[in-house]
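Notes follow the structure.
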Amino acid sequence: MAQRRPAAAEDAGSRPLWFIPPAGERHRRPALTREHVVAEALTVIGADGVDALTMRALATRLGVVPGALYRHVRNKEQLRDLVLDGVLAEVDYEVDHRLAWTERVKVLAHRLRTVLENHPGIAGLLKTRDPLGPHSLALAEAFLAPLHAAGLPERETGLAFSLVYDYTLGFALSSPNSVNEQRVQDTETRNKLHAFLRSLPADRFPTLVALGGHVWLNNRDERFAAGLDTLVAGLETAARAGTVAAGNRSADQNRAAPPPTHHTR
């Protein structure tokens with residue numbers, strides 16, 4: 001009688017070959033993609049700063065040779081632009097068009113600030129580059145549309161966009177984790193700072209002694225909102241003045257125009 005093989009061996013032998021994973025498959029490195037490269041680059045910037053992002057360092061982090069990265073990005077400059085555009089993709093630029101143009105601009109600015117502060121280092125990188133990727137352009141369009149709807153002339157609309165954008169970017173650059181922010185966030189440190197300001201020579205710093213405690217406060221959100229409100233109110237005044245001026249020019253032109261000539265047969 002033929003010797004019967006153990007059941008386990010029979011089961012293994014009867015399984016199709018594809019059912020048994022090749023040796024070492026679980027350790028195989030996943031295929032590199034552009035999305036993976038960009039995501040890892042963003043992680044490097046957030047952890048160690050923009051200067052830490054080099055193609056060689058990124059390749060080492062991904063466990064590949066530097067040449068492998070160039071199959072997905074042309075160079076470090078393109079990689080940075082892709083990172084920036086990917087971050088700006090997180091800004092929700094869909095705003096209710098029934099809102100006043102002033103509110104639409106402020107909603108976008110608040111959303112942009114939130115996204116930038118969620119990604120340390122990105123505001124600084126964005127300050128040095130002006131990416132023209134699809135999400136960057138969509139965000140610019142979202143800002144420009146309500147400013148144009150306000151009635152500002154074309155050149156002034158461009159200036160207004162730069163003003164709002166630069167204000168938001170500049171505010172995000174002053175990181176919530178900076179020394180100054182930590183100083184006012186800690187109650188004990190903030191109280192010591194206020195006591196120091198009150199102790200200054202009143203003959204040399206009278207206004208600082210009186211108002212310093214109202215300047216160094218844990219009010220980051222309030223500061224951003226107040227500055228944005230003031231900025232947009234100024235643009236609103238300019239738009240209103242421009243509309244009035246345009247109306248006056250039109251009236252002057254009508255008054256200066258010669259009366260229509262009537263011909264009789």
Side-chain angles (χ1 to χ4, degrees), residues 38-53 76-95 99 101-147 157-186 189-190 193 214-236:
V38 172
E40 201 62 35
L42 179 59
T43 300
V44 171
I45 293 173
D48 303 315
V50 175
D51 293 338
L53 180 61
K76 186 172 68 174
E77 302 309 308
Q78 186 193 33
L79 175 60
R80 288 182 169 187
D81 283 345
L82 289 170
V83 168
L84 289 173
D85 200 65
V87 170
L88 293 180
E90 298 178 21
V91 182
D92 179 9
Y93 52 81
E94 296 293 337
V95 183
L99 293 174
W101 72 266
T102 52
E103 292 305 310
R104 290 163 62 188
V105 168
K106 286 190 279 189
V107 165
L108 287 169
H110 279 285
R111 290 176 180 175
L112 175 59
R113 176 206 156 195
T114 297
V115 168
L116 291 177
E117 291 188 352
N118 284 341
H119 293 284
I122 289 299
L125 180 57
L126 192 57
K127 193 67 176 174
T128 65
R129 304 187 65 77
D130 191 12
L132 298 177
H135 301 107
S136 311
L137 295 174
L139 183 61
E141 173 71 21
F143 269 114
L144 282 167
L147 291 169
T157 299
L159 291 172
F161 164 69
S162 297
L163 185 62
V164 175
Y165 190 82
D166 287 347
Y167 169 72
T168 306
L169 187 57
F171 197 94
L173 272 168
S174 61
S175 168
N177 299 318
S178 68
V179 173
N180 288 338
E181 291 293 340
Q182 291 179 359
R183 181 184 291 145
V184 296
Q185 288 168 8
D186 181 73
T189 304
R190 186 173 65 250
L193 174 61
H214 297 284
V215 176
W216 283 271
L217 292 173
N218 184 21
N219 60 348
R220 183 173 175 81
D221 291 340
E222 184 182 358
R223 274 182 281 136
F224 179 75
L228 185 60
D229 286 346
T230 301
L231 190 156
V232 172
L235 293 177
E236 188 174 23

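The analysis underlying the following values was restricted to heavy atoms, covering all of them including side chains, and did not include hydrogens, waters or symmetry mates.
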- Taking the side chain as C-beta and beyond, is there a heavy-atom pair between V95 and R111 under 4.5 Å? yes
- Partners passing side-chain hydrogen bond (donor to acceptor under 3.5 Å, both in side chains) against E236 (at least two apart in sequence or in another chain): none
- How about R220 and V184: do any of their side-chain heavy atoms sit closer than 4.5 Å? no
- Query: So among V83, L169, V50, which one has a side chain to side chain contact (heavy atoms under 4.5 Å, CB included) with I122?
  - Reply: V83
- Query: Taking C-beta and beyond as the side chain, do L228 and H110 meet within less than 4.5 Å on heavy atoms?
  - Reply: yes
- Look up atom CZ in R80 and atom CG in L82, then write down how far apart they are to the nearest 0.5 Å. 12.5 Å
- side-chain hydrogen bond (donor to acceptor under 3.5 Å, both in side chains): pairs with one or both residues in residues 130-147, sequence neighbours excluded: D85-H135, D85-S136
Just distance, no hydrogens or angles: give the donor-acceptor pairs under 3.5 Å from side chains in residues 101-109, sequence neighbours left out.
unit_1, atom_1, unit_2, atom_2, d
E103, OE2, K106, NZ, 3.3
R104, NH2, H97, ND1, 3.1
K106, NZ, D229, OD1, 3.2

- Task: Could you point out which residue of H119, E117, R113 forms a side chain to side chain contact (heavy atoms under 4.5 Å, CB included) with V115?
- Result: H119
- Query: Can you find a pair of side-chain heavy atoms, one from L144 and one from T157, that are under 4.5 Å apart?
  - Reply: yes
- Message: Among F161, F224, F143, exactly one meets ring pair (Phe, Tyr, Trp, His ring centres under 6.0 Å) together with Y167. Which residue is that?
- Response: F224
- Can you tell me how far the CG atom of L42 sits from the CG atom of L125, to the nearest 0.5 Å? 10.0 Å
- Query: Does a side-chain heavy-atom distance below 4.5 Å link Y165 with L112?
  - Reply: yes
